[in-house]
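Positions are given from 1, in the same order as the sequence printed here.
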Amino acid sequence: MSKIILCADMDAFFASVEQQTNPRLRGKPIGVIGSGGRTVITTASYEARKFGIKTGMNIYEAKKVFPSLIFVVGDNEKYTHTCKKLEKIYNQFTPDVEVYSIDEAFLDITTTHHLFGGPEAIGRTIKKTIKEKFGINCTIGMGPNILIAKLASDLAKPDGLRWIKSEEVEDVLKDLPVKELWGIGSKISERLSALGIRTCGELGKTPASLLRNKFGIYGETLKAMGMGICNRAIQIKPEDAKSVGHSMTLPEDIWEREKIEAYLLMLSEMVGRRTRKYGYMGKTVSLIIRYTDFETLVKQITLSDFTNDTHVIYQGALKIIDRIKLKDKIRLLGVSLSSLIKDLNQIPLIEEERKRKYILQAIDYINDKYGDFKITWGSYMIQKRNSGVISPAWRPSGVKNVSVK
């Protein structure tokens, strides 16, 4: 029996939520931005898209394209709250639900669709329920796997519903540009074009040996994608994390060591707190630096032992930056911890380490109860924390669930 995977994708999610919570914005061209001065458009309403406004534009670019654009500072709590409510709607139709991102979910309805009148009936009901409860539009795509379901939703946007059945996949992909497939970005598309491969049909017919030679093992995946094949299963439970990280575009370009250290400590605390909360420890600390010209540098260091201690992560980040001769002011900083294992939560034998563990637990408890950074390290206090843009990787549960309060 062929699977039937449903992709529920919110239309201009952040912008739609803002328009519904503020009636004066309905029908208006709006761009949702972060609260910092260096922010970009995270979502544009469809009214704004008609004038050429796109995700990723900075404020100055957007004003140049369309001076009358209305800027709205995003409210991450509203979006995450709505996402959690949407998950409850999906669970009414199947227990096999993967909330892939804050505005997108995959549902395996293979064994349940007959209970609700069939796949298209489920799609229509989900769209109607979301519209009635939240006043926002949702596009539904369906197919034999998540790749085709995602493609169906992309082709049906906005506010559409499309089911690409197994027997239709080859015909749909035949002349479809490879860049339209989920997972093939501009760089891969350009490399494929250089090989004379421009459509999915051409990609599916390309010898696997040629693709392996050019793309390594990923070449086999690309060939399968060109044929509409995707064996990735729905991830009902959050998968084990491979890394935990945070990055932020700074309110202003910085050079001063004191400011750099303060931000690194803040980022290390965010990483450490999340690894402690979800029971992980890591051994590899990575530092991301983006200069004012957008050149990005990624360096890492391997620690002597596994940790989730804020200050051990922080000291690792400092060791990395000590080895770097900064060529310009810094626009973005990021810290991540990888090579993860499960934390067995053993009590340290050394008294000083035991005290540090208890201090971290107390800080986490207070911040979990009263809000982020209600208690923090004194050397971080020279900076103000900005409310940033929520990551597309946010999940309503698991290690990728980042607090937005």
Side-chain angles (χ1 to χ4, degrees), residues 1-11 13 90 93-94 96-113 119-120 122-123 126 138-158 160-193 195 197-208 210-212 214-239 242 392-393 395 400:
M1 178 173 61
S2 178
K3 281 188 173 294
I4 302 177
I5 305 299
L6 183 150
C7 174
D9 193 356
M10 300 301 109
D11 296 335
F13 183 52
Y90 306 144
F93 301 95
T94 175
D96 300 332
V97 175
E98 176 186 346
V99 180
Y100 180 76
S101 66
I102 194 166
D103 62 350
E104 195 170 19
F106 293 107
L107 291 67
D108 188 339
I109 58 173
T110 308
T111 60
T112 60
H113 68 81
E120 290 174 307
I122 289 181
I126 289 175
C138 169
T139 294
I140 299 292
M142 293 176 289
N145 54 57
I146 64 171
L147 178 71
I148 301 303
K150 171 62 175 169
L151 174 63
S153 71
D154 288 342
L155 295 177
K157 274 190 168 291
L161 186 153
R162 182 165 181 178
W163 180 12
I164 300 177
K165 300 178 182 179
S166 297
E167 60 270 22
E168 300 171 335
V169 171
E170 183 178 357
D171 189 54
V172 171
L173 294 180
K174 181 180 178 182
D175 298 315
L176 186 78
V178 292
K179 65 180 181 181
E180 299 297 328
L181 273 187
W182 182 45
I184 298 184
S186 58
K187 290 185 179 180
I188 295 292
S189 179
E190 289 172 6
R191 291 176 63 187
L192 288 171
S193 181
L195 297 174
I197 303 169
R198 295 176 176 79
T199 68
C200 295
E202 292 170 342
L203 178 60
K205 292 177 182 178
T206 301
L210 172 62
L211 293 170
R212 279 197 304 270
K214 297 295 182 180
F215 298 94
I217 191 65
Y218 185 59
E220 296 185 13
T221 301
L222 286 172
K223 180 176 176 64
M225 291 170 67
M227 300 170 67
I229 298 172
C230 177
N231 296 319
R232 179 188 177 283
I234 292 286
Q235 294 171 356
I236 303 170
K237 296 181 179 179
E239 61 179 328
K242 295 179 175 61
R395 303 288 190 277
K400 291 187 177 180

Non-hydrogen atoms of [X] and [Y] that approach each other most closely:
| X | Y | value |
| --- | --- | --- |
| F13 | I102 | CE2-O, 3.7 Å |
| L173 | M227 | CD1-C, 3.8 Å |
| L161 | M142 | CD2-CE, 4.0 Å |

Check the pair E98 / Y90 against side chain to side chain contact (heavy atoms under 4.5 Å, CB included), numbers first and verdict last. CA-CA 10 Å; E98 176 186 346; Y90 306 144; over 6 Å; no

Under 3.5 Å, is there a donor-acceptor pair between the side chain of [X] and the main chain of [Y]?
| X | Y | result |
| --- | --- | --- |
| N145 | G228 | yes |
| K223 | G204 | yes |
| E104 | S101 | no |
| R191 | K214 | yes |
| T110 | I4 | yes |
| T94 | I109 | no |
| K157 | A152 | no |
| E168 | K165 | yes |

Rounded to the nearest 0.5 Å, what's the gap from [atom1] on [X] to [atom2] on [Y]? Could you check?
| X | Y | atom1 | atom2 | value |
| --- | --- | --- | --- | --- |
| C138 | I126 | SG | CD1 | 7.0 Å |
| L107 | T112 | CG | OG1 | 8.0 Å |
| L6 | W163 | CG | CH2 | 10.5 Å |
| T221 | R232 | OG1 | CZ | 13.0 Å |
| I188 | E190 | CD1 | CD | 10.0 Å |
| I146 | L151 | CD1 | CG | 12.5 Å |

Are any of the side-chain heavy atoms of [X] and [Y] separated by less than 4.5 Å?
| X | Y | result |
| --- | --- | --- |
| L211 | I197 | yes |
| I5 | C7 | no |
| D154 | E180 | no |
| K3 | P144 | no |
| I148 | V172 | no |
| F106 | K150 | yes |

Going through the checks in order, is the side chain to side chain contact (heavy atoms under 4.5 Å, CB included) test met by T206 and L192? CA-CA 10 Å; T206 301; L192 288 171; over 6 Å; no

Regarding T139 and D9, do their side chains bring together a donor and an acceptor under 3.5 Å, going by distance alone?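 Distance-only check fails for T139 and D9.
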
Are more than 12 heavy atoms, taken from residues, nucleotides or ligands other than E220, located less than 6.0 Å from that residue's CD atom?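 Atom CD in E220 is packed in, count exceeds 12.
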
